[in-house]
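Naming: A, B, ... by sequence-line order, numbering from 1 per chain.
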There are 2 protein chains.
Amino acid sequence: MLTDEYRYRILKVLEQDPDVSQRELAKRLDISLGKANFCLKALIEKGLVKAGNFKKNPNKARYLYLLTPKGIEEKASLTHRFLLKKIKEHEVLTEEIELLRQEAFINTQEINDHE
Amino acid sequence: MLTDEYRYRILKVLEQDPDVSQRELAKRLDISLGKANFCLKALIEKGLVKAGNFKKNPNKARYLYLLTPKGIEEKASLTHRFLLKKIKEHEVLTEEIELLRQEAFINTQEINDHE
DNA sequence: TTAAGATTGTTCAGTCATTGAACGTAGATT
DNA sequence: AATCTACGTTCAATGACTGAACAATCTTAA
């Protein structure tokens with residue numbers, strides 16, 4: 001499945017490194033080759049990425065995965081959405097940690113009670 | 001699969017609310033009934049939870065899911081491990097947000113360039 | 001030039017976690 | 001007694017994911 005998470009991360013990799021193989025992309029995102037292939041195709045299908053081949057350049061991969069103007073736009077939009085999302089996650093996490101601290105503290109108290 | 005995440009969350013729910021149905025548990029953890037059933041059985045299998053039935057108590061569910069002493073111990077241990085894990089996540093998230101901020105800022109700069 | 005080797009994108013059968021409808025059972029309600 | 005409701009259990013179906021295998025292309029070596 002192509003989540004926002006991967007959409008963003010793939011666009012980011014391709015933006016600064018268009019000559020990357022699907023295997024290399026898979027490695028960087030820590031996903032399988034099959035999934036990298038699937039996601040990439042989806043991005044191409046959506047018109048966010050264009051797969052241009054470059055036979056001129058030797059010693060290189062088959063395709064250049066270039067972001068289309070739409071892709072650049074989408075990536076900027078995703079960055080913003082992601083920032084907001086991560087900030088929210090940060091807030092939640094901060095609260096979770098506080099609760100865990102209290103809980104861990106209570107646990108130590110209980111151990112003392114039993115001694 | 002019964003991950004630490006769910007092991008912890010289930011033990012936490014049961015600790016303060018032993019008379020909870022599997023359906024209710026599933027709702028609280030936002031998982032399916034089947035998974036709740038599977039995880040619960042695993043915890044019972046491991047001896048962390050004991051399913052005691054209480055026919056005395058009317059208007060109640062079939063089982064009482066009580067934490068065993070081992071379960072209480074495990075839950076305390078999980079709390080601590082979780083706290084450390086969440087703190088680590090918090091650090092990572094803080095850094096991610098900083099990077100996203102920079103990236104979002106650059107994007108706005110680029111938009112200004114094109115005007 | 002040719003043959004072998006390396007690297008690429010593509011495919012897809014297999015794996016595995018997860019779902020939720022369906023079932024049998026046992027109290028509660030009428 | 002009959003109906004209803006809520007429970008735990010099951011399991012066929014779904015869907016995401018993997019990575020070995022393949023065909024095509026480029027590189028290198030002889």
Side-chain angles (χ1 to χ4, degrees), chain A residues 1-68 71 78, chain B residues 1-68 71 78:
Chain A
M1 216 189 60
L2 178 53
T3 60
D4 268 9
E5 175 89 27
Y6 287 107
R7 205 190 325 268
Y8 167 74
R9 293 178 63 191
I10 292 175
L11 289 178
K12 182 169 183 183
V13 168
L14 297 185
E15 187 175 50
Q16 67 173 46
D17 202 354
D19 63 333
V20 67
S21 70
Q22 294 186 7
R23 281 174 176 79
E24 173 65 21
L25 181 64
K27 250 183 217 166
R28 292 203 202 174
L29 302 190
D30 198 31
I31 56 180
S32 71
L33 174 60
K35 183 170 180 178
N37 180 269
F38 177 82
C39 290
L40 208 42
K41 278 187 175 175
L43 292 178
I44 292 171
E45 183 69 24
K46 282 191 192 330
L48 304 181
V49 172
K50 185 162 189 311
N53 51 352
F54 54 124
K55 296 171 183 173
K56 304 284 178 62
N57 211 341
N59 218 359
K60 288 292 180 180
R62 190 116 58 163
Y63 287 135
L64 258 187
Y65 297 108
L66 295 165
L67 267 59
T68 64
L78 273 171
Chain B
M1 218 188 60
L2 179 53
T3 60
D4 268 8
E5 174 89 27
Y6 286 107
R7 207 191 321 270
Y8 167 74
R9 292 178 63 192
I10 292 176
L11 289 179
K12 182 169 183 183
V13 168
L14 297 184
E15 186 175 51
Q16 67 173 44
D17 202 354
D19 64 333
V20 69
S21 71
Q22 293 185 9
R23 281 175 177 80
E24 174 65 21
L25 181 64
K27 250 182 217 166
R28 292 203 203 173
L29 302 190
D30 197 32
I31 57 179
S32 71
L33 174 60
K35 181 170 180 179
N37 179 269
F38 176 80
C39 290
L40 208 42
K41 278 187 175 173
L43 291 179
I44 293 172
E45 183 68 25
K46 283 191 193 324
L48 304 181
V49 173
K50 184 161 189 311
N53 51 352
F54 55 122
K55 296 171 183 173
K56 304 282 179 65
N57 211 340
N59 220 357
K60 287 292 181 181
R62 191 117 56 163
Y63 288 134
L64 259 187
Y65 298 108
L66 296 165
L67 266 62
T68 64
L78 273 170

Q: Starting from P on C:dC16, measure out to CG on B:Leu2 and report it in whole angstrom.
A: 17 Å
Q: Between the two end axes of the helix from C:dT1-D:dA30 to C:dT30-D:dA1, each built from 5 base pairs, what angle do you get to the nearest 10°?
A: 0°
Q: How many whole angstroms separate atom NZ of A:Lys27 from atom C1' of C:dT8?
A: 13 Å
Q: For DNA chain D, find the residues of residues 29-39 of chain B with a heavy-atom distance under 4.0 Å and give them by number; none if there aren't any.
A: B:Leu33, B:Asn37
Q: Send over the distance from B:Met1 CE to C:dT19 P, rounded to a whole Å.
A: 13 Å
Q: Side chain to side chain contact (heavy atoms under 4.5 Å, CB included) with A:Glu15: which residues, sequence neighbours excluded?
A: A:Leu67, A:Lys75
Q: Does the side chain of A:Gln22 get closer than 4.0 angstrom to OP1 or OP2 of C:dT8 through an N or O atom?
A: no
Q: May I ask you to verify if any side-chain N or O of B:Tyr65 is less than 4.0 angstrom from the OP1 or OP2 atom of D:dG8?
A: yes
Q: If the condition is side chain to side chain contact (heavy atoms under 4.5 Å, CB included), which residues does A:Asp17 pass it with, not counting sequence neighbours?
A: A:Asp19, A:Arg28
Q: Atom OH of A:Tyr6 and atom CG of A:Leu25: how far apart are they, to the nearest 0.5 Å?
A: 11.0 Å
Q: Which atom pairs, donor and acceptor, lie under 3.5 Å between side-chain atoms of residues 30-52 of chain B and protein residues at least two apart or in another chain?
A:
residue, atom, partner, partner atom, Å
B:Ser32, OG, B:Lys35, N, 3.2
B:Asn37, ND2, B:Gln22, OE1, 2.8

Q: If I take atom CG in residue A:Leu40 and atom C1' in nucleotide C:dT11, what distance separates them, rounded to the nearest angstrom?
A: 15 Å
Q: What is the separation between atom CG on A:Asp19 and atom C1' on C:dG9, rounded to the nearest whole Å?
A: 16 Å
Q: Output the rounded distance in Å from CD (B:Glu24) to C1' (D:dA6).
A: 12 Å
Q: Output the distance between atom CD (B:Glu24) and atom CG (B:Leu29), rounded to the nearest 0.5 Å.
A: 9.5 Å
Q: Tabulated below should be each protein N or O lying under 3.5 Å from an N or O of nucleotides 22-24 of chain D; please produce it.
A:
none

Q: Return the minimal non-hydrogen interatomic distance between B:Leu78 and B:Arg7, and the atom names on each side.
A: CD1-CD, 3.8 Å
Q: Within this structure, what is the CD-to-P distance between A:Glu5 and D:dA16, rounded to whole angstrom?
A: 17 Å
